[in-house]
There are 2 protein chains.
Amino acid sequence: MNATLTALAEPHRLHIVELLRHGPLPVGDIADRLHLQQPQVSKHLRVLHDAGLVGVQPAANRRIYKLETRPLQELDVWLDSFRRLWENRFDQLEDYLQELQRKSAEPNGD
Amino acid sequence: MNATLTALAEPHRLHIVELLRHGPLPVGDIADRLHLQQPQVSKHLRVLHDAGLVGVQPAANRRIYKLETRPLQELDVWLDSFRRLWENRFDQLEDYLQELQRKSAEPNGD
DNA sequence: TTAGAATATTCCTGCAAACGAATATTATAT
DNA sequence: ATATAATATTCGTTTGCAGGAATATTCTAA
């Protein structure tokens, strides 16, 4: 979980993940599309790989990276425990009650 | 998005968010339950607040922090674009095809 | 107004991470 | 074996946090 969030918290890495969503890519292509130096891409891919967010498949001279969905699924599960907070609309009710209280305390709106 | 991920990538802050999932809390209570110094909690809350992940409501001497679900909803929406990758099982098919290729290339299975 | 509780901010230090440049590694082709 | 392409790693530098300690702020109560 933490490794996943840490990996995704870096803008370039997030971008790489979004790029790989459309299919596997070799390192060079990623570097080209993101306008990054190849070494930086390799380093970012290493972090993503350590976090389990990408997998590699060697192909001749190149290494094809592809997205691994497991960590994203875990993130999804984690989010699920919060989902009812906005689906059940309990927060909207709370906001509404606060709004009422605010209006009664200060009749002059904003 | 990036602010959200950056904020959640810190273990203590993630813990605070999980704590606030069960309801609003004043700073002191958070510090107690997480065994953290109050100043550190205030600083983490500042980051969470800047990211829109928490809101504050002053109450007398104290400041009650509560979870804001908007950023988590955005994260949910972002995840949604990846969800079909594991729901449609295209990746499993890909794994299966790779497995076949691996076996035919090396008959002696590891 | 003064004392005290709850919270926020500042200053400092240490550390981890990102970048650029250079170099090393791995694989292919001749 | 050598040259070359693709990728990975290392090194040095810089920057951005996170933590601790101290201090400042804000609010309440008398």
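Within every chain, numbering begins at 1; the chains are lettered A, B, ... in the order of the sequence lines, protein sequences first and strands thereafter. This one's a predicted model, so the numbers in the text were calculated from it and none came from an experiment.
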May I have the distance from [X] (atom [atom1]) to [N] (atom [atom2]), rounded to whole angstrom?
| X | N | atom1 | atom2 | value |
| --- | --- | --- | --- | --- |
| B:Leu34 | D:dG19 | CG | C1' | 15 Å |
| B:Gln37 | D:dA22 | CD | C1' | 12 Å |
| B:Leu8 | D:dC17 | CG | C1' | 16 Å |
| A:Asn2 | D:dA18 | CG | C1' | 14 Å |
| A:Leu25 | D:dA6 | CG | C1' | 15 Å |
| B:Arg46 | D:dG16 | CZ | C1' | 15 Å |
| B:Leu48 | D:dC17 | CG | C1' | 14 Å |
| B:Gln38 | D:dT25 | CD | P | 15 Å |

Looking at [X] and [Y], what are the two nearest heavy atoms and their distance?
| X | Y | answer |
| --- | --- | --- |
| B:Gly52 | B:Glu68 | O-CB, 3.1 Å |
| B:Val47 | B:Ala7 | CG1-CB, 4.2 Å |
| B:His49 | B:Val56 | CD2-CG2, 3.6 Å |
| A:Asn2 | B:Pro11 | ND2-CG, 3.9 Å |

Would a single hydrophobic cluster contain both A:Leu14 and A:Leu36, if residues Ile, Leu, Val, Met, Phe, Trp and Tyr are joined by side-chain heavy-atom contacts under 4.5 Å?
yes
How long is the gap from CZ on A:Arg63 to CG on A:Leu25, to the nearest 0.5 Å?
15.0 Å
Could you check whether B:Pro39 gets within reach of a base, just the sugar-phosphate, or nothing at all, counting any heavy atom under 4.0 Å?
base
Note: for A:His12 and B:Asn61 on DNA chain C, the residue whose nearest nucleotide lies more 5' is B:Asn61
Want to settle it: does B:Gly28 or A:His44 sit nearer the 5' end of DNA chain C, counting the closest nucleotide to each?
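Closest to the 5' end, via its nearest nucleotide, is B:Gly28.
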Check the surroundings of atom CZ in A:Arg83: do more than 12 heavy atoms from other residues, nucleotides or ligands lie under 6.0 Å from it?
yes
Taking A:His12's backbone N and O only, do any of them form a donor-acceptor pair with A:Glu10's side chain (distance below 3.5 Å, no angle check)?
yes
Would you say the ring centroid of B:Phe82 lies under 6.0 angstrom from that of B:Trp78?
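When the ring centroids of B:Phe82 and B:Trp78 are compared, they turn out to be within the sub-6.0 Å range.
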Convert the base pairs of DNA chain C into dot-bracket notation, remembering that pairs crossing earlier ones are written with [ ] and that bases paired across to another strand are shown as |; include only Watson-Crick or G-U pairs under 3.5 Å.
||||||||||||||||||||||||||||||
Range on DNA chain C touched by chain B - first to last nucleotide, heavy-atom distance under 4.0 Å
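Endpoints of the contacted stretch of DNA chain C: C:dA5 to C:dT10.
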So does A:Lys43 reach the base of D:dT10 with its side chain, donor to acceptor, closer than 3.5 Å?
yes
